[in-house]
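Report on the following structure.
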Amino acid sequence: MSTSTFKTTLPTSQAHEAAPMHLVATGWALTTTLVGLFVICYLLSFVWPTSGLAHGWVSLFATNPDSAGRTLLEGIVGNAVAAWIGTVLFVPVYNRMIGR
């Protein structure tokens with residue numbers, strides 16, 4: 001039985017090289033993360049409405065807290081837009097910086 005470690009699976013010359021980030025994969029990963037966090041906070045605001053823990057995140061991306069459906073839709077769209085803006089700004093800078 002052999003034990004495989006990171007050191008034995010990669011050649012020494014490739015072990016320290018940074019791989020460039022893929023724009024679309026990073027965008028979808030960040031979108032999924034932000035939308036997931038928004039949905040969790042949105043549901044938490046129904047479970048514990050007086051806590052105020054989730055209302056900051058919900059009100060950051062939604063303008064009409066009285067309409068539950070509109071708040072959810074605005075939050076999902078707002079988080080997706082914010083994720084892609086962040087991705088489009090971050091990934092090219094990261095890829096350029098690791099090339100130096």
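Just so you know, these numbers come straight off a predicted model, no measurement behind them.
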Requested in this report: Indicate the atoms forming the closest heavy-atom contact of Phe38 with Leu72, along with that distance.
Outcome: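 Of all heavy-atom pairs spanning Phe38 and Leu72, the closest is CE2-O, 3.9 Å.
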Query raised in the report: Of all heavy-atom pairs between Thr87 and Pro92, which one has the smallest distance, and what is that distance?
Result: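 For Thr87 and Pro92, the tightest heavy-atom pair comes out as O-CD, 3.8 Å.
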Query raised in the report: Quick one: hydrophobic cluster around Val24, which other residues, with the 4.5 Å side-chain cut-off, linked directly or via members?
Result: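 Taking Ile, Leu, Val, Met, Phe, Trp and Tyr as members, Val24 shares its hydrophobic cluster with Trp28, Trp84.
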Query - Apart from Leu73 itself, residues in the same hydrophobic cluster as defined by side-chain heavy atoms under 4.5 Å - result: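 Members besides Leu73, by chain and number: Val77, Val81, Ile85, Leu89.
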Query raised in the report: Is there a donor-acceptor contact under 3.5 Å from the side chain of Tyr42 to the main chain of Ile76?
Result: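 Not at all, since once roles are kept as given, no pair shorter than 3.5 Å links the two residues.
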Query raised in the report: For Thr26, what residues pass the side-chain hydrogen bond (donor to acceptor under 3.5 Å, both in side chains) criterion, not counting sequence neighbours?
Result: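 Here no residue qualifies.
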Report task. Scan residues 69-89 for pairs that pass salt bridge (Lys or Arg N to Asp or Glu O under 4.0 Å), counting only residues two or more places apart or in two chains. Result ->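 Sorted result for residues 69-89: Arg70-Glu74.
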Query raised in the report: Could you give all pairs that pass the salt bridge (Lys or Arg N to Asp or Glu O under 4.0 Å) test and reach residues 21-50, with sequence neighbours left out?
Result: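 Listed by first then second residue: nothing to list.
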Query raised in the report: What residues form a side chain to side chain contact (heavy atoms under 4.5 Å, CB included) with Tyr94, not counting sequence neighbours?
Result: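 Once residues adjacent in sequence are excluded, the partners of Tyr94 under the side chain to side chain contact (heavy atoms under 4.5 Å, CB included) criterion are Ala18, Met21, Phe90, Ile98.
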